[in-house]
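Beneath this line is the structure, given in structure tokens, with notes to follow.
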Amino acid sequence: MTETRLRFPPSPTGYLHIGGARTALYNWLYAKKTGGKLILRIEDTDTGRSSAESIKGIIDGLEWLGIDYDEGPYFQTDFEADHIDASEKLLATGAAYKCFCTKEELEAKRQAALAAKKPLGYDRTCRNLSIEVIAAKEAAKIPAVVRFKVPDRCGLLGYDDKIFGRIEATYSEIDDFVIVRSNGKPLYLLCNVVDDIRDRITHIIRGQDHMTNTLKQVLLYEALEAPLPIFGHMPLTLDTKKAKISKRSHGEIVAVQFYRDNGFIPWAFNNFLALLGWSAGNDQEFFSKDELIRDFSLERINKSSAIFNYKKDDPKFITDPKAIYYNEHYLRSMAISELGKMVRKELEAENLWQECYASDKERWYLDTLTLIRDRFHTLKDFTSLGRAYFADDFIIDAKPLEKNVLKFAELQTWLPELAARYEKLNQFTLEETERVAREFAEELSIKPGILINAMRTVVTGQLAGPSMFDIILTIGRETVVRRLRDIEKFFNLV
RNA sequence: GUCCCCAUCGUCUAGUCAGGUCCAGGACAUCGGCCUUUCACGCCGACAACACCGGUUCAAAUCCGGUUGGGGACGCCA
């Protein structure tokens, strides 16, 4: 059995978006599963729209996701000679012909067909020009494109789609499509096939939007006398209005970069993407990398399109709730040392990282993450909601400030008094700190919650969090005492 | 307009190929409850779907036909 070879061929005309990422992921999974290779090929033949920035965005996005490739990146424009050779071969064998129709003529016919509600295809004007006419037009330097001559055959043209099953069409339905521009530059349909043949691609897993291209490309493989690879078309990812998602109409939210910049864990995002349109056939939702590679199959890709369920301007969910759910799951369950590395990057970016967190305070660092990660949703939360564990410049939210602090003016004396008692404590332990707080509340004839919640707010800035006494111990006596004594400033703030 | 594809809770899906075990299971979201010093943690529960019509069959989410709905393609883009 020959090695399986798959490719991911993005056109660098925008950032890597989730649809592209999912396509890359499925190709990667299948390559890994079959012990094959994944090739990255940048299809940059649209020189007007391709950009270096976009190439970088795509490569960075794949790297962040952890989708690695065995060959490439190759650049399609580097193989222009191959594409031209192929077109000349097709011209020579009569599988293609020159077409002298101008863009304007074509556009006029297209508009007319559209208006008359007639089929939109090319009318084959130049398909059977005589040798003399062609020679005359060439002599007159009339620019020409090269069109593929779709064979006049009865019967059906088709291929076996790994996901959709047998796909067929009649030959007459296929347009004589253009393979070389009038400026001599070859076009996608041809380049893509020539490159796949040269790269010995065995499986082409791509979006459903390519289905009609595939029919045309099957013809190209035949004319180029190359073996047909296995095709599989993935249903598209749609938005909540069931429109194809695109960077252009949906913006940042569909760019992979958005998830990197918003504290998502790469594998969690892959796991989410993998399950968007695929399932193992059971209820399993979380897959390790090895499990997903082992269990993934093309046949189990859902035939209907999946909806990326994000709501614009939702105050609670910045993206599809399920994507966040996967992230939370990994945030809470992954090895703490792994999480430690990810959070380190976040802390470094905010200038909150201290070298001792990796040496003598490593135990403290990891224990602190263990304590606070349960309530967090993204890596960003460690430097925002969890900032008080690492620095004094945390923000006090308005809601807890109002509810837990400002409501009780007496706290201005209570908390400093509590601080004094904590300072004198022989044993600064869970039991002792709690005992002291509760006894003090009793003396004051108030509910312990008043003291505890005020402490939480003053010490962490938050309305909610782990058990208060765990927090006290984690943050440490000195800092806790200092923050308790500083309560006055919150009242002065208002 | 022409061609292709698809159709189970709001969303992701299991079940469809090999019809009965499915008055349809899981997850997210939502709502309610419990726990608690707090909570967007955890636990428990509720709500909620086989698009429609016909056919085949003792029996249909499952097979067949049609309708409707949705998506995609129809470029000298990729």
Side-chain angles (χ1 to χ4, degrees), chain A residues 9-13 43-46 48-50 76 99 101-103 106-107 110 113-122 143-147 161 164-165 167-170 173-175 177-183 185 187-189 191-192 207-213 215 233 235-236 238 240 242-244 272 275-285 299 302-310 316-317 320-326 328 332 373-377 381 385 400 403-404 434 437-438 441 447-457 462-469:
Chain A
S11 68
T13 53
E43 303 215 325
D44 54 352
T45 51
D46 186 345
R49 293 199 300 152
S50 296
Q76 193 158 54
C99 165
C101 298
T102 66
K103 276 184 196 172
L106 259 20
E107 184 54 26
R110 214 181 78 86
L114 213 51
K117 302 204 167 186
K118 289 268 173 41
L120 270 8
Y122 177 59
V145 298
V146 178
R147 282 185 188 273
D161 192 290
F164 285 105
I167 302 297
E168 292 175 325
T170 61
E173 281 159 13
I174 318 273
D175 258 2
F177 52 93
V178 178
I179 54 177
V180 182
R181 293 179 170 97
S182 55
N183 67 3
K185 301 286 185 191
L187 250 10
Y188 168 76
L189 253 7
C191 301
N192 188 247
Q208 203 179 2
D209 48 345
H210 284 283
M211 266 176 130
T212 45
N213 289 335
L215 255 3
H233 292 91
L236 269 16
L238 274 22
T240 48
K242 299 201 173 171
K244 191 170 148 179
F272 162 73
L275 273 284
L276 195 62
W278 174 86
S279 85
N282 51 36
D283 292 334
Q284 186 171 349
E285 309 179 75
E299 291 80 1
N302 227 86
K303 287 209 268 262
S304 47
S305 305
I307 291 169
F308 180 62
N309 190 27
Y310 87 97
K316 197 164 171 187
F317 299 103
D320 188 324
K322 207 130 188 179
I324 298 170
Y325 168 71
Y326 276 94
E328 290 166 345
R332 283 170 203 143
R373 69 168 164 177
D374 271 356
R375 287 166 183 78
F376 289 172
H377 309 288
D381 290 340
L385 304 180
K403 187 180 164 188
N404 294 337
E434 179 162 6
R438 287 185 183 279
K447 283 191 285 187
I450 293 175
L451 240 31
I452 292 169
N453 289 327
M455 259 200 282
R456 183 193 312 287
T457 304
Q462 297 294 305
L463 185 64
S467 164
M468 191 56 221
F469 303 99

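So you know, we letter chains A, B, ... as the sequences are listed, proteins then strands, and number each from 1.
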**Q.** Interatomic distance at C1', rA46(B) relative to rC28(B), whole Å
**A.** 16 Å

Q: Please tell me if the side chains of L187(A) and V178(A) come closer than 4.5 Å, counting only heavy atoms from C-beta onward.
A: yes

(Q) Need one value for F317(A): base, sugar-phosphate or nothing, where a base atom within 4.0 Å counts as base even if backbone is also close, heavy atoms only. (A) sugar-phosphate

Q) Using the C1' atom in both, what is the distance from rA49(B) to rC23(B), to the nearest Å? A) 13 Å

Q.
Without decimals, in angstroms, what is the distance between L215(A) CG and rC3(B) P?
A. 14 Å

Q) With rounding to whole Å, what would you report as the distance between rU13(B) and rC44(B) at their C1' atoms? A) 24 Å

Q: Sequence neighbours left out, what passes salt bridge (charged side-chain N to carboxylate O under 4.0 Å, His left out) with E173(A)? Give chain and number order.
A: none

Q | By ring pair (Phe, Tyr, Trp, His ring centres under 6.0 Å) - contacts of Y122(A) (at least two apart) | A | none

Q) In whole Å, what separates the P atom of rC12(B) from that of rG72(B)? A) 15 Å

(Q) Counting only Watson-Crick pairs (N1-N3 plus N6-O4 or O6-N4) and G-U wobbles (N1-O2, O6-N3), all under 3.5 Å, who is the partner of rU38(B)? (A) none

(Q) I'd like the P distance from rC41(B) over to rG1(B), given in whole Å. (A) 50 Å

**Q.** Side chain to side chain, N404(A) and L463(A), heavy atoms closer than 4.5 Å
**A.** yes

(Q) With a 3.5 Å distance limit and no angle check, can you tell me whether D320(A) reaches the backbone of N309(A) through a side-chain donor-acceptor pair? (A) yes

Q) Which base, if any, makes a Watson-Crick or G-U wobble pair with rU2(B), both distances under 3.5 Å? A) rA73(B)

Q) Reading nucleotides 14-28 of chain B 5' to 3', which nucleotides get B (base under 4.0 Å from a protein heavy atom), which S (sugar-phosphate only), which -? A) SS---------BSBS

Q: Locate the shortest heavy-atom distance separating D161(A) from M211(A); write the atom from each residue and the value.
A: OD2-CE, 4.2 Å

Q | Distance flag, aromatic centroids of H377(A) and Y325(A), threshold under 6.0 Å | A | no

(Q) Within the 4.0 Å limit for protein heavy atoms, which parts of nucleotides 63-78 of chain B are touched? Write it as a string from 5' to 3', B for base, S for sugar-phosphate only, - for none. (A) -------SSSSBSBBB

Q) In whole Å, what is the span from the CD atom of E173(A) to the P atom of rG1(B)? A) 17 Å

Q: Under the side-chain contact (heavy atoms from CB on, under 4.5 Å) rule, what do T240(A) and I307(A) come out as? Steps first, then yes or no, please.
A: CA-CA 6 Å; T240(A) 48; I307(A) 291 169; 4.2 Å; yes

Q) L276(A) versus K322(A): any side-chain heavy-atom pair under 4.5 Å? A) no

Q: Apply salt bridge (charged side-chain N to carboxylate O under 4.0 Å, His left out) to K242(A) and list each qualifying residue two or more places apart in sequence or on a separate chain.
A: none

**Q.** Base-pairing assignment for rG45(B) (Watson-Crick or G-U wobble, both under 3.5 Å)
**A.** rC31(B)

**Q.** Gap in Å between the two P atoms, one belonging to rA61(B) and one to rU38(B), rounded
**A.** 49 Å

Q | rA18(B) to rC9(B) separation - C1' atoms, rounded to the nearest Å | A | 27 Å

**Q.** Sugar-phosphate, base or nothing in reach of I167(A), heavy atoms under 4.0 Å
**A.** sugar-phosphate

Q: If a protein heavy atom is under 4.0 Å from the base, mark B; if only from the sugar-phosphate, S; if neither, -; do that for nucleotides 37-43 of chain B going 5' to 3'.
A: BBBBS--

**Q.** Side chain T457(A), main chain N453(A), donor-acceptor under 3.5 Å
**A.** yes

Q) Watson-Crick or G-U wobble partner for rC22(B), using a 3.5 Å limit on both distances? A) none

Q: In whole angstrom, give me the gap between the P atoms of rG45(B) and rG54(B).
A: 39 Å

Q: Name the pairing partner of rG54(B), where a pair is Watson-Crick or G-U wobble with both distances under 3.5 Å, or state none.
A: rC64(B)

Q.
I'd like to know if the side chain of N282(A) and the backbone of Q284(A) have a donor-acceptor N/O pair within less than 3.5 Å.
A. yes

**Q.** R332(A) (side chain) donor-acceptor with F376(A) (main chain) under 3.5 angstrom
**A.** yes

Q: Remember a base hit wins even if backbone is also touched, and classify A306(A) as base, sugar-phosphate or nothing at under 4.0 Å, heavy atoms.
A: sugar-phosphate

Q) Counting any heavy atom closer than 4.0 Å, what does G277(A) reach on the DNA or RNA strands: base, sugar-phosphate only, or nothing? A) sugar-phosphate

